[in-house]
Amino acid sequence: MQLQVARIGKPHGIRGEVTVQVLTDTPAERFVPGTEFIVEPASAGPLTIRSARWNKDILLLGFDEIADRNAAEVIRGAKLFIETEELEDEDDDEGWYEHELVGLDARVGSQVVGKVAALNTMPVQDLLMVKTDDGKEILVPFVEEIVPEVNVEDGYILITPPDGLFELNDDNAGEPTDGAGDES
């Protein structure tokens with residue numbers, strides 16, 4: 001099984017370095033010189049890290065196969081993966097990976113309210129992006145109080161949303177519906 005650990009962003013400088021969106025909790029372990037990644041699309045890889053450094057909060061990677069800015073532009077948007085065989089034995093309490101969650105039904109009680117579209121890893125807490133049937137994207141804090149159950153085998157997560165969570169991201173929130181402002 002493969003685990004996505006990064007997405008390549010824009011080129012940085014003229015020597016082929018790129019910015020990356022880090023999708024792992026352990027970047028210091030994953031992004032070391034000599035590490036080889038499986039790349040999607042496959043035509044862009046494999047890629048081997050030549051250099052890794054932080055510029056403020058942005059990770060910059062240089063690859064043996066990418067010599068200049070033009071080559072770096074070609075791989076923009078590519079996804080970097082590692083083999084995850086060594087991760088299979090880890091304790092379930094370690095957390096979830098995006099590829100395990102995307103596509104699961106999001107349920108409130110027994111009602112399906114949408115599908116998990118993404119996992120956004122944030123410094124304080126992770127957020128699940130749930131896409132509702134009408135196309136809205138709702139950000140759900142991925143904490144045990146709000147997402148008490150993740151059932152990959154049966155294909156769903158259970159959400160116990162606080163009042164207003166699904167209305168919070170609604171573009172029409174706070175506006176009267178059908179012209180009637182029924183304010184109390």
Side-chain angles (χ1 to χ4, degrees), residues 1-104 106 115-131 137 139-144 146-147 149-157:
M1 179 177 274
Q2 296 176 355
L3 171 67
Q4 183 179 355
V5 294
R7 183 174 299 119
I8 295 176
K10 62 185 179 181
H12 180 83
I14 60 171
R15 294 189 176 92
E17 281 186 314
V18 293
T19 62
V20 294
Q21 177 187 10
V22 176
L23 302 173
T24 177
D25 292 337
T26 56
E29 296 172 22
R30 300 279 183 228
F31 303 110
V32 294
T35 302
E36 184 175 285
F37 293 102
I38 301 160
V39 182
E40 184 181 295
S43 61
L47 294 173
T48 306
I49 292 181
R50 175 184 70 236
S51 64
R53 64 187 178 95
W54 290 92
N55 182 8
K56 298 181 183 167
D57 293 334
I58 299 171
L59 179 62
L60 301 174
L61 295 180
F63 298 102
D64 290 340
E65 299 82 0
I66 306 299
D68 59 26
R69 186 178 183 90
N70 291 338
E73 186 63 48
V74 171
I75 62 169
R76 188 175 191 164
K79 298 174 182 177
L80 302 179
F81 294 86
I82 57 165
E83 285 295 330
T84 60
E85 293 170 14
E86 73 276 5
L87 299 175
E88 298 298 326
D89 295 334
E90 285 190 10
D91 187 2
D92 282 343
D93 291 339
E94 290 291 316
W96 300 94
Y97 293 106
E98 184 174 31
H99 72 274
E100 296 172 304
L101 300 170
V102 170
L104 296 180
K115 286 203 177 292
V116 176
L119 171 64
N120 297 330
T121 54
M122 309 298 278
V124 176
Q125 71 185 22
D126 295 341
L127 296 171
L128 289 173
M129 183 189 300
V130 174
K131 191 163 222 168
E137 293 179 344
L139 295 175
V140 177
F142 194 25
V143 293
E144 191 170 354
I146 298 174
V147 185
E149 182 179 353
V150 175
N151 190 325
V152 175
E153 291 79 25
D154 292 336
Y156 71 90
I157 62 166

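One is the number of the first residue; the rest follow in order along the sequence. Side-chain atoms are counted along with the backbone in the values below, which use heavy atoms only and exclude waters and symmetry mates.
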J.: Considering non-hydrogen atoms only, spot the tightest contact between Pro141 and Val147 and give its length.
T.: O-CG2, 3.8 Å
J.: Just grab all the side chain to side chain donor-acceptor pair (under 3.5 Å) pairs involving residues 34-43, residues at least two apart or on different chains.
T.: none
J.: Taking the side chain as every heavy atom from C-beta outward, state whether Leu80 and Val39 have any pair of such atoms under 4.5 Å apart.
T.: yes
J.: Report the distance from atom CD1 of Ile157 to atom CD1 of Ile146, rounding to the nearest 0.5 Å.
T.: 11.0 Å
J.: What I'd like to find out is whether the side chain of Ile82 reaches to under 4.5 Å of the side chain of Thr24, using heavy atoms alone.
T.: no
J.: For Gly16 versus Ala72, what's the shortest heavy-atom pair and its separation?
T.: O-CB, 3.8 Å
J.: To the closest 0.5 Å, what do you measure between CG (Leu3) and CD (Glu100)?
T.: 8.5 Å
J.: Pick from Glu73, Arg76, Arg69: which one makes a side chain to side chain contact (heavy atoms under 4.5 Å, CB included) with Lys10?
T.: Arg76
J.: Could you state the interatomic distance from CG (Leu60) to CG (Asn55), rounded to the nearest 0.5 Å?
T.: 5.5 Å
J.: Rounded to the nearest 0.5 Å, what separation is found between the CG atom of Leu139 and the CG atom of Asp126?
T.: 12.0 Å
J.: Would you give the length of the straight line joining atom CE of Met129 to atom CG of Leu119, rounded to the nearest 0.5 angstrom?
T.: 10.0 Å
J.: Less than 4.5 Å apart, any side-chain heavy atom of Val5 and any of Leu23?
T.: no
J.: Would you indicate whether the side-chain heavy atoms of Leu104 and Tyr156 approach each other to under 4.5 Å?
T.: no
J.: In Å, rounded to the nearest 0.5 Å, how long is the span from CZ of Phe63 to CD1 of Ile49?
T.: 6.0 Å
J.: Could you pull out the closest heavy-atom pair between Ala52 and Phe31, with the gap in Å?
T.: CB-O, 3.3 Å
J.: If you look only at pairs with a residue in residues 46-59, which of them pass as a salt bridge (Lys or Arg N to Asp or Glu O under 4.0 Å), with sequence neighbours excluded?
T.: Glu17-Arg53
J.: With Glu65, which residues qualify under salt bridge (Lys or Arg N to Asp or Glu O under 4.0 Å), at least two apart?
T.: none
J.: Check whether any side-chain heavy atom of Ile75 lies under 4.5 Å from a side-chain heavy atom of Ile66, and answer yes or no.
T.: yes
J.: Write down the atom of Gly77, the atom of Arg7, and the distance for their closest heavy-atom approach.
T.: O-CG, 4.0 Å
